[in-house]
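Here is the structure we will look at.
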Amino acid sequence: MQPTVLVIGSGVAGLTYALKTAEFSKVTLVTKKERSESNTNYAQGGIAAVMSADDTPDLHVEDTEVAGAGLCKREAVLQMVREGPARVRELIEWGAQFTVDTAAGHSPSLSLGREGGHSRNRIVHAKDLTGREVERTLVAAVQAHPNIRVDQHHAALDLLVDEREGQRSVVGATVLDTVDGKVKTLLADATCLATGGAGHVYLHTTNPLIATADGVAMGFRAGAKVANMEFIQFHPTSLFHPDARSFLISEAVRGEGGILKLRDGTPFMDGYHPLASLAPRDIVARAIDSELKRSGDDFVYLDVTHLDPDFIRDRFP
């Protein structure tokens with residue numbers, strides 16, 4: 001009998017895992033909302049990968065570990081850097097249309113941006129809608145695969161755990177169909193939790209509303225080890241709007257020359273880091289917070305008025 005796989009979550013991780021395992025098993029993918037509703041879909045900036053002649057894996061590793069302030073798991077960093085270019089090429093083979101330019105030295109003629117903490121241009125992007133393009137590509141591939149079934153508007157409630165002879169194994173999950181209100185039992189030979197993070201533990205976040213840590217809680221209740229939960233990243237730049245839900249402003253805006261300034265027009269990042277407005281995210285977030293507390297202001301500016309307006313409109317639609 002062909003093995004069965006249950007995937008919970010429809011972001012880049014869940015969709016990719018479904019595509020990989022569907023080559024040798026039947027896959028059921030359940031997602032709380034529409035297929036494209038995930039953190040992946042809202043990611044703007046791009047994917048960091050060594051794709052140009054003036055870049056090296058060693059440089060990417062060094063940049064990552066410096067930005068990680070010595071807390072990175074080196075094995076994970078090496079795997080990310082080593083496999084990154086192949087994963088980008090795989091997305092292109094699946095149909096992703098990343099922004100290209102005609103300059104020499106890029107492979108395959110990709111337009112490479114820069115983001116905070118990087119010493120080289122290595123950000124593969126689709127203008128400022130990279131996550132949406134990646135999600136579109138993966139959703140289309142999943143829809144076309146005969147071995148994958150997608151159950152939308154299905155919220156996983158708990159993992160099913162089988163305990164025999166002191167061994168615990170997950171054999172599926174209970175799932176709520178939020179349309180008809182019925183609870184279903186889905187059994188599987190393997191279950192993948194790809195449900196995203198805990199952004200909505202906090203009042204203010206650029207995460208979509210579905211980032212409620214359901215999977216983390218389910219895994220914990222089933223006996224999974226949970227680690228590094230203190231590492232919650234707050235994106236340093238989002239639109240300030242006192243009466244509406246703020247949205248993320250891509251880190252790539254700083255990569256293209258955007259400068260963080262106080263309300264009186266004074267740049268302030270030079271006093272916090274040698275890379276100034278291109279410092280890593282955690283440093284920029286703390287610097288903004290520090291300046292707001294010092295001044296009593298509600299916001300700072302991310303100034304692009306010195307850049308070509310037509311370029312900004314094209315790069316950041």
Side-chain angles (χ1 to χ4, degrees), residues 11-13 15-17 19-20 39-138 141 228 231 233 235-237 248 250-258 273-284 311 315-316:
V12 64
L15 293 170
T16 303
Y17 185 83
L19 285 168
K20 296 285 187 177
N39 264 318
T40 301
N41 194 45
Y42 289 88
Q44 298 174 17
I47 305 165
V50 177
M51 304 294 289
S52 67
D54 71 339
D55 198 4
T56 68
D58 287 345
L59 277 174
H60 194 181
V61 169
E62 181 182 353
D63 289 347
T64 304
E65 293 190 324
V66 168
L71 297 171
C72 298
K73 188 173 182 179
R74 185 168 178 82
E75 179 184 350
V77 173
L78 292 175
Q79 182 174 356
M80 176 192 73
V81 171
R82 185 169 55 241
E83 294 190 14
R87 300 285 73 77
V88 170
R89 286 191 286 269
E90 185 174 58
L91 283 167
I92 293 171
E93 290 170 3
W94 280 337
Q97 298 178 22
F98 296 119
T99 302
V100 298
D101 63 24
T102 56
H106 296 323
S107 175
S109 299
L110 292 168
S111 171
L112 300 176
R114 188 175 298 198
E115 292 186 357
H118 293 278
S119 62
R120 295 289 189 274
N121 283 31
R122 61 171 70 104
I123 308 301
V124 180
H125 62 93
K127 294 196 173 179
D128 65 346
L129 301 167
T130 309
R132 183 184 299 180
E133 177 60 18
V134 171
E135 187 91 2
R136 180 201 65 77
T137 300
L138 294 174
N228 302 324
F231 291 110
Q233 181 181 85
H235 200 287
T237 51
L248 183 148
S250 173
E251 186 172 346
V253 174
R254 291 186 282 126
E256 296 291 356
H273 195 274
L275 291 176
S277 289
L278 265 178
R281 291 182 184 180
D282 61 313
I283 293 170
V284 174
F311 167 76
R315 176 69 175 85
F316 300 107

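Rounded to the nearest 0.5 Å, atoms NE2 (H235) and OG (S250) are 6.0 Å apart. Put simply, CZ on R114 and CD1 on I123 are 9.5 Å apart, with the number rounded to the nearest 0.5 Å. Atom CG of N121 and atom CD of E115 lie 10.5 Å apart (nearest 0.5 Å). Taken from CD in E83 to CD in Q79, the straight-line distance is 4.5 Å, to the nearest 0.5 Å. Separation of atoms CZ (R122) and OG (S52) is listed at 8.0 Å; rounding is to 0.5 Å. With rounding to the nearest 0.5 angstrom, the CG atom of L78 is 7.0 Å from the CD atom of E65.
Taking all atoms of both residues into account, the shortest heavy-atom contact from T130 to F98 is CG2-CE2, 4.1 Å. Nearest approach of P85 to A49, heavy atoms of both residues: N-CB, 4.0 Å. The minimum heavy-atom distance between V77 and C72, with the atom names listed, is CG2-CB, 3.6 Å. Here the closest heavy-atom approach between residue D54 and residue L59 is recorded as O-CD1, 4.4 Å.
In this structure a side-chain-to-backbone donor-acceptor pair under 3.5 Å is present from R136 to G95. Using a distance-only test at 3.5 Å, with no hydrogens or angles considered, a donor-acceptor pair links the side chain of E133 to the main chain of Q97. R315 places a side-chain N or O within 3.5 Å of a backbone atom of K127 that can act as its donor or acceptor partner.
Remark: S119 pairs with D63 by the side-chain hydrogen bond (donor to acceptor under 3.5 Å, both in side chains) rule, at least two apart or across chains. The side-chain hydrogen bond (donor to acceptor under 3.5 Å, both in side chains) test applied to R120 returns no partner, not counting sequence neighbours. Applying the side-chain hydrogen bond (donor to acceptor under 3.5 Å, both in side chains) criterion to H60, with sequence neighbours excluded, gives no partner residue.
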- Item | side-chain contact (heavy atoms from CB on, under 4.5 Å) evaluation trace for V124 with L112 | CA-CA 5 Å; V124 180; L112 300 176; 3.7 Å; yes
- Task: List the steps, then state whether side-chain contact (heavy atoms from CB on, under 4.5 Å) holds for T237 with V253.
- Result: CA-CA 10 Å; T237 51; V253 174; over 6 Å; no
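Salt bridge present: E251 and R254 bring a charged side-chain N and a carboxylate O closer than 4.0 Å.
For the pair L275 and I283, the minimum side-chain heavy-atom distance is 4.5 Å or more. The side-chain heavy atoms of L138 and L91, taken from C-beta on, include a pair separated by under 4.5 Å.
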